[in-house]
Peer 1: 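The structure under discussion is supplied below as structure tokens; questions concerning it will follow.
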2 protein chains.
Amino acid sequence: MSDLLERLRGRGWRMTAQRRVVAEVLDGEHVHLTADEVLARATARLPEISRATVYNTLGELVSLGEVLEVATDGRAKRYDPNAHRPHHHLICSGCGTIRDVRPTGDPLADLPASEHFGFTVSGVEVTYRGLCPTCAPTP
Amino acid sequence: MSDLLERLRGRGWRMTAQRRVVAEVLDGEHVHLTADEVLARATARLPEISRATVYNTLGELVSLGEVLEVATDGRAKRYDPNAHRPHHHLICSGCGTIRDVRPTGDPLADLPASEHFGFTVSGVEVTYRGLCPTCAPTP
DNA sequence: GTTATTGCAAAGAGTTTGCATCTCC
DNA sequence: GGAGATGCAAACTCTTTGCAATAAC
């Protein structure tokens, strides 16, 4: 089921029960869990997994480029398993829910050379803000 | 000199030496300080200012909409005094330097209704990533 | 058998809070 | 004079680290 697990195995990643559980917990669309949420869900499947291992594993997945860190306004970082499916985020200002979205057009092309300040520009993240149906004020 | 101070006074913000110093330290273009950096610079001008007051003041400025929080990948939040000049950010992946940039076009218009998921979309932040001239590899 | 990974517990960074004192308007 | 701001220190949240025990290949 998990593309992620396949890819990791193919890269010679040493497989352990803990790593498998973390990868499984992260798999899916519109998944943006905090480290704590990953730990909670992983613990449900593998009670002896430790917080340190969850952080270690998440850090490696990010280094490998298989998982993206999403810095939201709130406190804890969230982890996004869809690093290979280009997308951006729509975050609810009320409850913090995140949806993956795909805008039209290429935001990279929208930054004129005069605004590069000598930088080599290589990527762009777009974060939309709004209120989800649940948090929207009732008229 | 400070638009920010003018505006705050006009809003009936109770002025104290501490608040003035924080506002002065934040003023300027391409300014994106962490709370700790604000404290350091404020302390240079007003040695008796406390960390709690810096955090309190920054939090209020953010609530008032006069200062923006910028969540970078790294740890500490940064504070951007140009809330009233629409802009986005170009961040160096090497050293974390931030420049304010103004892309052409309207990224909000690039999110089709089919990607709204029922949200009321009200804003958007665009973060460009790259390497600054200092951090770029020398050929 | 080696080498990498795990778990534990403690430390670290960044931020928030409770409360008595002090200061602006 | 009174509402509100300050400073202090402790608490809190999230994350990282050192190291001995353990499990993968």
Side-chain angles (χ1 to χ4, degrees), chain A residues 5 8-26 32-64 66-80 96 98, chain B residues 5 8-26 32-64 66-80 96 98:
Chain A
L5 277 173
L8 291 170
R9 225 185 282 273
R11 282 179 170 228
W13 208 48
R14 182 179 286 200
M15 192 53 62
T16 66
Q18 290 85 341
R19 289 176 163 193
R20 182 168 22 249
V21 168
V22 169
E24 283 172 0
V25 158
L26 279 176
H32 310 90
L33 301 171
T34 63
D36 237 47
E37 290 166 346
V38 172
L39 174 62
R41 297 184 188 202
T43 300
R45 300 195 193 188
L46 186 71
E48 66 269 33
I49 195 172
S50 75
R51 180 176 301 275
T53 295
V54 168
Y55 275 102
N56 285 343
T57 304
L58 290 173
E60 275 165 41
L61 291 172
V62 171
S63 296
L64 288 168
E66 296 290 349
V67 165
L68 298 173
E69 274 183 9
V70 183
T72 65
D73 273 356
R75 292 231 217 30
K77 290 179 205 157
R78 293 184 173 273
Y79 295 88
D80 181 338
I98 307 180
Chain B
L5 276 174
L8 291 169
R9 226 186 281 273
R11 282 177 169 231
W13 207 49
R14 179 179 288 199
M15 192 55 62
T16 66
Q18 291 85 341
R19 288 176 165 199
R20 181 167 24 250
V21 168
V22 169
E24 284 172 2
V25 158
L26 278 177
H32 310 89
L33 301 172
T34 63
D36 238 48
E37 289 167 347
V38 172
L39 174 62
R41 297 183 188 203
T43 300
R45 301 194 192 188
L46 185 70
E48 65 270 33
I49 196 172
S50 75
R51 181 176 299 276
T53 296
V54 169
Y55 275 102
N56 286 343
T57 306
L58 290 172
E60 274 166 41
L61 291 172
V62 171
S63 296
L64 288 168
E66 296 291 349
V67 165
L68 297 174
E69 274 184 9
V70 183
T72 66
D73 272 356
R75 290 232 219 27
K77 290 178 204 158
R78 294 184 173 272
Y79 294 89
D80 180 338
I98 306 180

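Sequence lines set the chain letters: A, B, ... in the order given, protein chains first and strands last, and positions in each chain run from 1. What you see is a predicted model, and the numbers here were worked out from it, not measured in a lab.
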Peer 1: Could you tell me which non-hydrogen atom of A:Arg78 sits nearest to which non-hydrogen atom of A:His32, and how far apart they are?
Peer 2: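 Looking at all heavy atoms of both residues, the shortest contact is NH1-O, 2.7 Å.
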
Peer 1: Would you kindly give the CG-to-C1' distance between B:Leu58 and C:dG14, to the nearest whole Å?
Peer 2: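 So the CG-C1' distance, B:Leu58 to C:dG14, works out to 13 Å.
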
Peer 1: Between P on C:dA13 and NZ on A:Lys77, what's the gap in Å once rounded to a whole number?
Peer 2: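 Rounding to the nearest Å, NZ of A:Lys77 and P of C:dA13 are 15 Å apart.
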
Peer 1: Tell me: CD of B:Glu60 to C1' of C:dT16, nearest whole Å?
Peer 2: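 Value for this atom pair: 14 Å.
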
Peer 1: For A:Ala42 versus A:Val25, what's the shortest heavy-atom pair and its separation?
Peer 2: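 Nearest pair, atom of A:Ala42 first, then A:Val25: N-CG2, 4.0 Å.
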
Peer 1: Run through B:Val21, B:Ile49, B:Leu26 and flag the one making a side chain to side chain contact (heavy atoms under 4.5 Å, CB included) with B:Val38.
Peer 2: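 That would be B:Leu26.
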
Peer 1: State, yes or no, whether a side-chain contact exists between B:Thr16 and B:Thr53 at a heavy-atom distance under 4.5 Å.
Peer 2: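 With C-beta onward as the side chain, the pair stays apart.
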
Peer 1: May I ask you to test the B:Leu64-B:Trp13 pair for a side-chain heavy-atom distance under 4.5 Å?
Peer 2: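 Yes, at least one pair of side-chain atoms sits under 4.5 Å.
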
Peer 1: For a 4.0 angstrom threshold against heavy atoms of chain A, report the outermost contacting nucleotides of DNA chain D in 5' to 3' order.
Peer 2: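 Both ends considered, the range comes out as D:dC14 to D:dC25.
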
Peer 1: Should the heavy atoms of other residues, nucleotides or ligands under 6.0 Å from CZ of B:Arg20 be counted, would the total exceed 12?
Peer 2: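 Yes.
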
Peer 1: Report which part of the nucleic acid B:Arg75 touches: base, sugar-phosphate, or nothing (heavy-atom distance under 4.0 Å, all strands).
Peer 2: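 Since only primed, P, OP1 and OP2 atoms lie under 4.0 Å of B:Arg75, the category is sugar-phosphate.
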
Peer 1: Of the residues in residues 47-57 of chain B, which ones touch DNA chain D at a heavy-atom distance under 4.0 Å?
Peer 2: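 Result for residues 47-57 of chain B: B:Glu48, B:Ile49, B:Ser50, B:Ala52, B:Thr53, sorted by number.
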
Peer 1: When the distance from CG of B:Leu46 to C1' of C:dT23 is rounded to whole Å, what number comes out?
Peer 2: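 Distance, rounded to whole Å: 13 Å.
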
Peer 1: Are side-chain heavy atoms of A:Thr57 and A:Gln18 found at a separation under 4.5 Å?
Peer 2: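 Contact flag for A:Thr57/A:Gln18 side chains = no.
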
Peer 1: Which residue, B:Thr34 or A:Thr16, contacts DNA chain C at a nucleotide closer to its 5' end, judged by nearest heavy atom?
Peer 2: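 Result: A:Thr16.
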
Peer 1: Closer than 4.0 Å, any side-chain N/O of B:Gln18 to the OP1 or OP2 of C:dT23?
Peer 2: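 Answer is no, no contact under 4.0 Å.
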
Peer 1: Taking all non-hydrogen atoms of both residues, which atom of B:Ala35 and which atom of B:Val54 are closest, and how far apart?
Peer 2: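 That would be O-CG1, 3.9 Å.
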
